[in-house]
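Here is how names work: the chains are called A, B, and so on, in the same order as the sequence lines, proteins then strands, and each is numbered from 1. Note: hydrogens, waters and symmetry copies are ignored here, and every other heavy atom, side chains too, is used. Just so we're clear, the structure is a prediction, and the values are computed from it rather than from any experiment.
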Protein chains: 2
Amino acid sequence: MLKLISKIYLIMKNISQEDYISVIYKHRDTEGLIRSTTIADRMSISNAAVTDMLRKLSRDGLIYYTKYKGISLTGEGEEFAVNLVRRHRLLEMFLYKIVNMPWEKVHEEAERLEHGASEELINRLEEMLEFPDYDPHGDPIPSKTGKIPQARSALRLDYMESGKTAVVVRVNDYDHEFMTYISSVGIIMDTELTVKNHLKFDNSIVLSIHGKELNISHKIASNIFVQEKEGEA
Amino acid sequence: MLKLISKIYLIMKNISQEDYISVIYKHRDTEGLIRSTTIADRMSISNAAVTDMLRKLSRDGLIYYTKYKGISLTGEGEEFAVNLVRRHRLLEMFLYKIVNMPWEKVHEEAERLEHGASEELINRLEEMLEFPDYDPHGDPIPSKTGKIPQARSALRLDYMESGKTAVVVRVNDYDHEFMTYISSVGIIMDTELTVKNHLKFDNSIVLSIHGKELNISHKIASNIFVQEKEGEA
DNA sequence: ATATTAATTTAAGCATACTTAAATTTAATG
DNA sequence: CATTAAATTTAAGTATGCTTAAATTAATAT
Ligand SMILES: [Mn+2]
Ligand SMILES: [Mn+2]
Ligand SMILES: [Mn+2]
Ligand SMILES: [Mn+2]
């Protein structure tokens, strides 16, 4: 006999699952397999809470999980994640392009809205936006069928050699303070910048943007991705 | 020593509270003071769950509540409710006018989105919509400061005399089946209709819309509000 | 290989929001 | 006014997701 579970639990469960799956997916997408502690860090919760949830996600068929071993998404988990990323990035694009919300604010707003937006709404927004390939931070937007546009080849800014000029094509969007800071110094999508120097002392980098000099830390540089311009001085 | 409560609890608590306060407010707005059983019915949960929550809402200062006696909103509860209604109705308007979502679907979509939409987003949508006074179902939209536009004087369709002609100015939007049905027979905002006859047998009403005859039940008529046209046959 | 450290899991317990069944209070009826 | 019926609350128990502290397993260093 199947026990009916009330609406609020389903909502809560879905929000939680979406948050976990999102963290797992995004990490794997950039840095490879994720570990328990990393999830706990990213979500600011205890390790015990993570272990608990890993068991539930495994029970629900979204991840493969064996005690003390790694974590990976099942086919269903992967689909779930891609669909969530689609919702998130289209919402960001909508907020940025249609609502004119500031660049550094759209991620957090989308983070809250994504849990409630229906498939129909998302599809309509996609149409209004004329089926964009990338979100406001340069991340690819999965299609209705789950196809993901090729990520633009990009170099992490801290790896770029002195003297070279490049254009910003992607930025990690998950930290509000970081986003606010870089946009305040003029680093947004398509910003052209030149690396003047790498300081060995603190690994910081001296840039030139629109003729003005700027020093950014190694950590900041490592969250910005650029495409080198060919045939520049 | 204040105990820190984690994010998901705050989300869950807020969604629940918003749902309860919304039901209490909307009922009072139309039919007067609400009772415990009505809340349980409207939300499809047990009476015990309602009692439980009433104690918590009272503890949190959103309602006045004494055992076995009535339920009413405090000042804070009222503000909370008006702000929620504002978010809900502006989202409906946005979905209807800008996203072009079908009339009968916007209520449910807004119901889910309202929990996640920030004040800033709502204010921007309001501006895009040029500060509308009424939502797609004819309900007034509270302003940023909580001011509520005068409700248009309207007559419940089942009270309208035979022979009179009127225009639809408001419709109760909370039931999806009802909304789908009336829109399928051509009853939407601003629809002009004439009452042909009241059948005593089942209290149903015979209407004429765009020249075509239509019979609707008393219950359907009682959820539609109209404004009589002066100087008509 | 053994000892130490780090990562992860288990155990016990709490808050939220529900459920059903039983007890209580209020309202309606004759 | 006493009796019955309806509404509401209390009691006991469940699921979700979290916490801290203790136990276990895996990784690292000597
Ligand atoms: Mn984002
Ligand atoms: Mn993004
Ligand atoms: Mn509505
Ligand atoms: Mn409405």
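Looking at residues 39-49 of chain A, you'll see A:Asn47, A:Ala48 sit with a heavy atom under 4.0 Å from some atom of DNA chain C.
Within the structure, side chain to side chain donor-acceptor pair (under 3.5 Å) pairs that include any residue of residues 145-155 of chain B comprise B:Ser143-B:Thr145 (at least two apart or interchain).
Rounded to the nearest 0.5 angstrom, A:Tyr20 OH and A:Lys56 NZ are separated by 8.5 Å.
With sequence neighbours excluded, no residue satisfies salt bridge (charged side-chain N to carboxylate O under 4.0 Å, His left out) with B:Glu104. For the side-chain contact (heavy atoms from CB on, under 4.5 Å) test, residues two or more places apart in sequence or in another chain that qualify with B:Lys69 are B:Thr66. When the side-chain hydrogen bond (donor to acceptor under 3.5 Å, both in side chains) test is applied to B:Glu120, the partners found at least two apart in sequence or on another chain are A:Lys105, B:Arg124. Applying the side-chain contact (heavy atoms from CB on, under 4.5 Å) test to B:His27 and every residue at least two apart in sequence or in another chain returns B:Glu31, B:Ile34, B:Thr38, B:Arg42. The ring-ring contact (aromatic ring centres under 6.0 Å, His included) check on B:Phe225 picks up nothing, with sequence neighbours excluded.
Atoms CG (A:Leu10) and C1' (C:dT19) sit 14 Å apart, rounded to a whole Å. Atom pair B:Lys69:NZ and C:dT25:C1' shows a separation of 9 Å (rounding to whole Å applied). The interatomic distance linking B:Lys56 (NZ) with D:dT10 (P) rounds to 13 Å, in whole Å. Distance A:Met53 CE to C:dT8 P: 18 Å, rounded to the nearest Å. Distance B:Asn14 CG to D:dG17 C1': 17 Å, rounded to the nearest Å. To the nearest angstrom, C1' of C:dT16 lies 11 Å from CD of B:Gln17. With rounding to whole Å, B:Asp52 atom CG is found 12 Å from C:dA15 atom C1'. Between the CE atom of B:Met12 and the P atom of D:dG17 there is a distance of 9 Å, rounded to whole Å.
A:Asn215 and A:Ser204 form a side-chain donor-acceptor contact under 3.5 Å, judged by distance and modelled atom types alone.
With A:Ser44 contributing its side chain and A:Ala40 its backbone, the two residues share no donor-acceptor pair below 3.5 Å.
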Q. Using Watson-Crick and G-U wobble pairs whose two distances are both under 3.5 Å, how do you write the pairing of DNA chain C as dot-bracket, with | for links to another strand?
A. ||||||||||||||||||||||||||||||

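Out of C:dA7, C:dT26, D:dT16, the shortest distance to the side chain of A:Arg59 is found at D:dT16. Among the nucleotides D:dT9, D:dT25, C:dC18, the one closest to any side-chain atom of A:Tyr68 is D:dT25. Here the nucleotide nearest the side chain of A:Thr51, chosen from C:dT9, D:dA7, C:dT16, is C:dT9. For B:Lys67, the listed nucleotide lying nearest its side chain is D:dT9; candidates were D:dG17, C:dC18, D:dT9. Comparing atom distances between the B:Arg35 side chain and each of C:dT10, D:dA7, C:dC18 picks out D:dA7 as nearest. Comparing D:dT8, C:dT9, D:dT9 by their nearest atom to the side chain of B:Leu54 picks out D:dT9. In the set D:dG17, C:dC18, C:dT9, the nucleotide with an atom closest to the side chain of A:Tyr65 is C:dT9.
Note on B:Ser16: only backbone sugar-phosphate atoms sit closer than 4.0 angstrom, heavy atoms only; bases stay farther off. Among the atoms of the strands shown, none is found under 4.0 Å from any heavy atom of A:Lys7. Backbone-only engagement by B:Ser36 is indicated by non-hydrogen atom pairs under 4.0 Å involving sugar-phosphate atoms exclusively.
Under 4.0 angstrom from either OP1 or OP2 of C:dC18 there lies at least one side-chain N or O belonging to B:Tyr20. At D:dT9, none of the side-chain N or O atoms of B:Arg55 fall inside 4.0 Å of OP1 or OP2 (strictly under the cut-off).
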Expected list for residues 84-101 of chain A: side-chain donor-acceptor pairs under 3.5 angstrom, two or more places apart:
unit_1, atom_1, unit_2, atom_2, d
A:Arg86, NH1, A:Glu126, OE1, 3.4
A:Arg86, NH1, A:Glu126, OE2, 3.0
A:Arg86, NH1, A:Pro142, O, 3.2
A:Arg86, NH2, A:Asn123, OD1, 2.6
A:Arg86, NH2, A:Glu126, OE1, 2.9
A:Arg87, NE, A:Asn83, OD1, 3.2
A:Arg87, NH1, A:Glu18, OE2, 3.3
A:Arg87, NH1, A:Glu114, O, 2.9
A:Arg87, NH2, A:Glu18, OE2, 3.2
A:Arg87, NH2, A:Asn83, OD1, 3.4
A:His88, ND1, A:Glu114, OE1, 2.7
A:His88, NE2, A:Glu92, OE2, 2.7
A:His88, NE2, A:His107, ND1, 3.2
A:Arg89, NH1, A:Pro140, O, 2.7
A:Glu92, OE1, A:His137, ND1, 3.0
A:Glu92, OE2, A:His107, ND1, 3.2

